[in-house]
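Working notes for the structure below.
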2 protein chains.
Amino acid sequence: MNEPTKSPNRTPAGEALTDLILGLFRVNNLTLTWGDRLVAPLGLTSARWQILGAIVTAERLQPVAWLARDLGANRQNVQRIVNDLATEGLVRFEPNPHHRRAHLVVLTDKGQQTYDAAIGLYDPRVNSLAEGFPIEDLETAGRVMKALRKKFEGEEGAEEQS
Amino acid sequence: MNEPTKSPNRTPAGEALTDLILGLFRVNNLTLTWGDRLVAPLGLTSARWQILGAIVTAERLQPVAWLARDLGANRQNVQRIVNDLATEGLVRFEPNPHHRRAHLVVLTDKGQQTYDAAIGLYDPRVNSLAEGFPIEDLETAGRVMKALRKKFEGEEGAEEQS
DNA sequence: ACGATATTGACATTATGATGTCAATCAGGT
DNA sequence: ACCTGATTGACATCATAATGTCAATATCGT
């Protein structure tokens, strides 16, 4: 349809990556609003749902700051959302043996049920969304994301001053 | 490292897409902050840069609302940013032969120079970021994004009431 | 045990994005 | 020419994300 962004001193791979990034921005936004609508009946949002997911998939109980790092999100925003979730009874705090202030975040029964309900809504939708894609393509795209993430996070870590 | 989100009634393709989406969220955020830092010396942000890009790559001059739709962004926010850019002399408005209020957005010389400078900073960085990737993988990932976008936008269009 | 550094939650502020409304304007049909 | 509906920019409001600061606490080295 259109040749979005041409540039003389860009390698073919750089061109392909640029195209990928621009597409990625769009899909990110579309996915978020899609997710928002999907779980809105449960009183969730994409952000809340993501945080619940981080709690569920973590191998051990974690304080808020660790969840934030897992998600690559801001500590303060995660804190705010977790506090909201606690107010609504989806999560609660447990004492942390290793830290007096940094309480551990746990799903309540209601939180677990809500999360399960979200997954229940999500699964059939993502299945149908994935239909028609060669699974290797989805996996390739996933691997590219993981590799890009590593590269970015590597660059960030390399910020040092003499 | 970990098997993020398992679920019994999810197809293998759905599982792969889920993995892709979760990775996509992260890479989106990382890319945006990466871009913000990159063009900050020019007084730009990722968002401003994207809008300048939309103006540049559009085949014809467009009013703000069209740019917003091109970007898949909110009309009002794009309007606000474009107004800011106009205040700073990066873009200006030209009369629209077909509409008295919907002025056309044009890059000023300063705007063009700023955009070129951004590209000048970006190209070498994206080239090195793309190094090590098989170009077919990047292209596959790009195609997946485009296809997903189409699916989402197709779903949205199908919202009708009797 | 002590001191230096890092982490954490609370709080405050700002920046950005999302949503709703309104009047002006335009396009299409009659 | 008129009416209807859609588009557009302006404005207002709210929700969310980002950033900075602080005191409490923990960790590490000595």
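Each chain gets a letter, A, B and so on, in the order the sequences are listed, and its residues count up from 1.
- The side-chain hydrogen bond (donor to acceptor under 3.5 Å, both in side chains) analysis of residues 99-113 of chain B, with sequence neighbours excluded, yields the pairs Gln112(B)-Asp116(B).
- Legend: residues meeting side chain to side chain contact (heavy atoms under 4.5 Å, CB included) with Asn29(A), ordered by chain and number and at least two apart, are absent.
- Defined by atom type and a distance below 3.5 Å, a donor-acceptor pair is missing between the side-chain atoms of Thr140(B) and Asp137(A).
- Using five terminal pairs a side, the axes of the helix from dA1(C)-dT30(D) to dT30(C)-dA1(D) at its two ends make an angle of 40°, given in steps of 10 degrees.
- Evaluation of the side chain to side chain contact (heavy atoms under 4.5 Å, CB included) rule for Asn28(B) yields Leu24(A), Phe25(A), Asn28(A), Leu32(B) as partners, not counting sequence neighbours.
- With sequence neighbours excluded, the residues forming a side-chain hydrogen bond (donor to acceptor under 3.5 Å, both in side chains) with Arg92(B) are Glu94(B), listed by chain and number.
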- Message: Is there a side chain to side chain contact (heavy atoms under 4.5 Å, CB included) between Tyr122(A) and Arg10(B)? Walk through the geometry before answering.
- Response: CA-CA 9 Å; Tyr122(A) 170 78; Arg10(B) 197 176 294 163; 3.7 Å; yes

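- In this structure, Arg80(A) and His98(A) both approach DNA chain D, and ranking their closest nucleotides by distance from the 5' end singles out Arg80(A).
- Scanning for salt bridge (charged side-chain N to carboxylate O under 4.0 Å, His left out) contacts around Glu131(A) gives an empty result, with sequence neighbours left out.
- Within a heavy-atom distance below 4.0 Å of DNA chain C, no residue of residues 85-97 of chain A is found.
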- Item | Sugar-phosphate or base contact per nucleotide [nucleotides 3-15 of chain D; S, B, -; heavy atom under 4.0 Å] | -----BBBB----

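- Between Glu139(B) and Lys146(B) there is no salt bridge, since no side-chain nitrogen of the basic residue lies less than 4.0 Å from a carboxylate oxygen of the acidic one.
- For residues 69-88 of chain B, the salt bridge (charged side-chain N to carboxylate O under 4.0 Å, His left out) pairs, not counting sequence neighbours, are Arg48(B)-Glu88(B).
- Contact annotation: Asn77(B) reaches the phosphate of dA18(C) (side-chain N/O to OP1 or OP2, under 4.0 Å).
- Of all the residues in residues 39-50 of chain A, not one reaches under 4.0 Å from DNA chain C with any non-hydrogen atom.
- Under the side-chain hydrogen bond (donor to acceptor under 3.5 Å, both in side chains) criterion, Thr45(B) pairs with no residue at all, not counting sequence neighbours.
- Asn28(A) places its CG atom 12 Å from the P atom of dA17(D), with the value rounded to the nearest Å.
- Across the protein-nucleic acid pair, Ile51(A) atom CD1 and dA17(D) atom C1' stand 12 Å apart, rounded to whole Å.
- In terms of modelled atom types and a separation under 3.5 Å, the side chain of Asn96(B) and the main chain of His98(B) share a donor-acceptor contact.
- With sequence neighbours excluded, no residue satisfies side-chain hydrogen bond (donor to acceptor under 3.5 Å, both in side chains) with Arg149(B).
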- Task: Give the intermediate values and the outcome of side chain to side chain contact (heavy atoms under 4.5 Å, CB included) for residues Val105(B) and Leu61(B).
- Result: CA-CA 6 Å; Val105(B) 183; Leu61(B) 302 187; over 6 Å; no

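- Taking side-chain N and O atoms only, Asn74(B) has a distance below 4.0 Å to OP1 or OP2 of dA18(C).
- Spacing between atom CG of Asp36(B) and atom P of dA15(C) amounts to 14 Å, rounded to whole angstrom units.
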